[in-house]
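Step one of this worksheet: look at the structure below.
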Amino acid sequence: MNSEIDRKIAVIFIADVVGYSKHMEKDENATIKSYDACEKILNKLLKKYKGSVFNTGGDSVLVEFPSAVNAVECGVAFQSDIKKRNESDKTDIKLEFRIGINMGDVVKKDGNLIGDGVNIAARLEALAQPNGITISKSVYDFVVPKTKMTFNDLGMQKVKQNEFHAFDILLDPSQKRTLKAKSRSVIPIIGAVASFLILVIFGFVFLGTQSTTVEKQNKILGKRILIKELENLSSKDSDKNLSRSIQNQLISALSPTVLLPIVPKDEASQIDLKSNSIEELANQFNIGFLISGTTSVQGNKFRVNLELLDIDEQKVVWSYMEDFLTDDTFAAQDKIEFEVRKAIQEKFTMGKDFSDSFVKYFGTGELYRASLKAWISFQKKDVGKVGAIYSDAFKKIKDDNPDNSQAHLLYAISLFNEDDSADYYEKRNDLLKSIRIANQLDPKNPMVYPVKAFFEFRLDEETDLRSVIAFKGLDMEPDNYLSLLWTGHAFWVPPNLSSKFDFEMLFNSEYFEKAIEIAPYGPPATKLYLLAAYIEEKKMEEASLLVNDMLNDSDKNLNFWGTISKSFLLIEEGRKDESRQLLNTFMETNKLSAEDVFDNFFQFPFITIHFGFFSNRFLPTIQETLGLNSDFLESYLWDRDN
């Protein structure tokens, strides 16, 4: 097999536009024309320096050169010509480029070049400054004795498993900079990645053919928690009021602060545990979890015993016992409420690290409950209408607590997930300011790093250090649900930027899978992100399993998206009639018009994060399946935007 692999040593040159998508948002036609002009400049230089293009990425180009000197001289000439072009008053869109150059081992496959030689060139390009050129030591060693250029030694840099010695070519004295050598962080990063890989391996064992994560979720997600009145073991009838008051507080206080629905008090009182089997609780009453226990009073003290039962697994997943003074029952109820809430969060909806963060940053009093209520309302989409202001509650918490890192973090997240309306980009500066303040206030807050990496890349685009920034969070807390979720978002690479990363190493589905493993009954949107990642990575078998799970889910949003996703997969397989029948049946059952279907699509706020993916794939699916012409969609979008 090795004899069939076409290997060689090559000089790889990668040039990429800085902030291309931002330019496209402002003026698409002018940006395309500007890029075409820059491309002509490069092509002219490639002929002179004998470079040959082997791949492109919309706003980037990958070139092979016969010598390191040729590649470097071409890069310097290109940046010089681009600078002159940008200084002209006739240039409307002034594009800037980053260039990375490496010499190393590559593999020729189907006319393309792949391998570490290309990967490191991409890392160098991402490390380069706007209008700058960053090269590897292998290139530096060849060109330094043969050119009169000035170089700046950046030292050893580590990005994922690629470690390389980097140099900047100083085209201008102002480009001189100092980057910390990455050797100090090699061990923790390797440790984090190794731990992550081990967890992924165990995840795949857990995701085996007989019991996958999505199959396990299908059992319970969307089902309810039944809190029964605690059994009074004391002889006095008056002590029954204590058991009843604990149940009442748990039901009323937990409902707005946990993601899984709580069975209302009146209904809970009518469900008899003795006359209903476990199967009947699950199937007839849609109950997935049961909280029950006992109280007993002795002297001036009373003891509470609680158990949290997973009905489908038929096992106790959490238990609790504590003694309290009878003359301080209010404080006792508050403590019991706190412990039960934490158990639900840690076991099912947040994971331990993310749950602990609310206590760390907000305490256990009113601020804690207010922040949780805002977060859960946000995840449940209780205010879910197009254009809803999700950030108001978080803004108040942030404004009242300006020195709280977590308050700024949650505000930034909520602001980003608001409806992508016309004034969205006016909020960008506020969002970036808040996430940067969160980082400044507490550099040890692990959740800030992956969120900051995503926002800086998506909204600022002046530099791309996601591999460095995002993994700081996972290095601190590798099991933090929020960090895993946003690391997955951070490494979601738009198609026009795909040349910058090697997808054999960066599959963001792994982060979403791990997040679901830690919080298996967490926000429904996580499933949608995982589905999109599976489709993007061509993992169609996993996507089909997840779609079937969504179709059977009691969450109305996931059920809708499962139907749309199934229609998409059927069309991909050429089964258009089945796709049409599925969607039409869903619409008839739920009494939905074509406009209603599109409304549901746009009303799900969390698609904002990867709106391009969903709109580019699913909107054409809806249109084709329903037999709608392009005028319908254009008219709908016009009415919606106006």
Side-chain angles (χ1 to χ4, degrees), residues 9-16 62 65 68-69 71-72 75-76 98-106 114-147 149-171 173-197 443 449-450 452-453 456-457 462-476 478 487 490-491 499-502 504-506:
I9 299 296
V11 179
I12 305 299
F13 168 114
I14 298 181
D16 186 74
L62 289 77
F65 280 88
V69 174
V72 167
V76 172
R98 295 188 186 91
I99 295 176
I101 305 174
N102 178 50
M103 184 174 69
D105 187 63
V106 300
I114 59 176
D116 282 345
V118 179
N119 295 339
I120 293 176
R123 306 299 188 199
L124 290 162
E125 180 275 315
L127 196 65
Q129 303 173 86
N131 305 311
I133 304 171
T134 302
I135 64 175
S136 64
K137 191 175 187 300
S138 59
V139 174
Y140 172 85
D141 289 340
F142 270 93
V143 302
V144 70
K146 300 176 183 179
T147 66
M149 300 172 189
T150 304
F151 300 90
N152 180 34
D153 189 346
L154 299 177
M156 293 300 296
Q157 300 296 319
K158 173 78 176 182
V159 182
K160 289 192 72 70
Q161 71 252 45
N162 294 131
E163 185 175 10
F164 47 84
H165 195 153
F167 295 78
D168 278 344
I169 298 176
L170 296 184
L171 306 176
S174 65
Q175 289 184 326
K176 189 168 184 179
R177 57 177 175 162
T178 301
L179 293 181
K180 291 183 179 180
K182 301 303 178 185
S183 57
R184 291 177 59 191
S185 62
V186 168
I187 292 176
I189 289 178
I190 290 176
V193 173
S195 299
F196 177 72
L197 290 176
Y449 289 101
K452 183 175 184 291
E456 296 280 6
F457 175 71
E462 290 307 311
T463 186
D464 182 7
L465 296 177
R466 286 175 292 167
S467 294
V468 177
I469 299 174
F471 283 111
K472 286 185 180 180
L474 288 183
D475 188 30
M476 294 178 189
T487 300
F491 288 113
S499 64
K500 298 173 70 171
F501 299 96
D502 44 354
E504 70 272 18
M505 293 196 309
L506 277 178

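- Taking Gln175 as the reference, nothing meets the side-chain hydrogen bond (donor to acceptor under 3.5 Å, both in side chains) condition, with sequence neighbours excluded.
- Closest approach of Val106 and Gly117 over heavy atoms only: CG1-CA, 4.0 Å.
- Arg98 contributes no side-chain N or O that, together with a main-chain N or O of Gln129, makes up a donor-acceptor pair within less than 3.5 Å.
- To the nearest 0.5 Å, atom CD1 of residue Ile101 and atom CD1 of residue Ile12 are 11.0 Å apart.
- Taken from CD in Gln157 to NE2 in His165, the straight-line distance is 9.0 Å, to the nearest 0.5 Å.
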Determine, step by step, whether Phe164 and Met156 satisfy the side-chain contact (heavy atoms from CB on, under 4.5 Å) criterion, reporting the C-alpha distance in whole Å, the side-chain angles of both residues, the deciding distance to 0.1 Å, and the verdict.
CA-CA 6 Å; Phe164 47 84; Met156 293 300 296; 5.7 Å; no
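- The minimum heavy-atom distance linking Val11 with Ala68 is given by the pair CG2-N, 3.7 Å.
- With sequence neighbours left out, Ser136 forms a side-chain hydrogen bond (donor to acceptor under 3.5 Å, both in side chains) with Asn102, Ser138.
- Judged purely by atom type and a 3.5 angstrom limit, Tyr449 has no side-chain atom pairing as donor or acceptor with the backbone of Asp475.
- The minimum heavy-atom distance between Pro450 and Gly473, with the atom names listed, is CD-CA, 4.2 Å.
- Of the inter-residue distances, the one linking Leu154 atom CG with Ile135 atom CD1 reads 9.5 Å to the nearest 0.5 angstrom.
- For the ring pair (Phe, Tyr, Trp, His ring centres under 6.0 Å) test, residues two or more places apart in sequence or in another chain that qualify with Tyr140 are Phe151, Phe167.
- Annotation: salt bridge (charged side-chain N to carboxylate O under 4.0 Å, His left out) contacts of Asp153 (sequence neighbours excluded): none.
- Taking CG from Leu62 and CD from Glu125, the interatomic distance works out to 9.0 Å, rounded to the nearest 0.5 Å.
- Minimum heavy-atom separation, Arg177 to Leu127: NH2-O, 2.8 Å.
- Evaluation of the salt bridge (charged side-chain N to carboxylate O under 4.0 Å, His left out) rule for Lys137 yields Asp141 as partners, not counting sequence neighbours.
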Could you walk me through whether Met149 and Val143 satisfy the side-chain contact (heavy atoms from CB on, under 4.5 Å) test, starting with their C-alpha distance in whole Å, then the side-chain angles of each, then the deciding distance to 0.1 Å, before giving a yes or no?
CA-CA 9 Å; Met149 300 172 189; Val143 302; 5.9 Å; no
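- Take Phe65 and apply the ring pair (Phe, Tyr, Trp, His ring centres under 6.0 Å) test, not counting sequence neighbours, and it matches Phe13.
- Tested against Ile169 for a side-chain contact (heavy atoms from CB on, under 4.5 Å), the candidates Asn152, Thr134, Val139, Val72 yield a single pass: Val72.
- Using a 4.5 Å cut-off on side-chain heavy atoms (C-beta onward), Ile133 and Asp168 make no contact.
- For Asn131, the side-chain hydrogen bond (donor to acceptor under 3.5 Å, both in side chains) partners at least two apart in sequence or on another chain are Glu96.
- Of all the heavy atoms in Ile14 and Ala122, the pair that sits closest is CD1-N, 3.5 Å.
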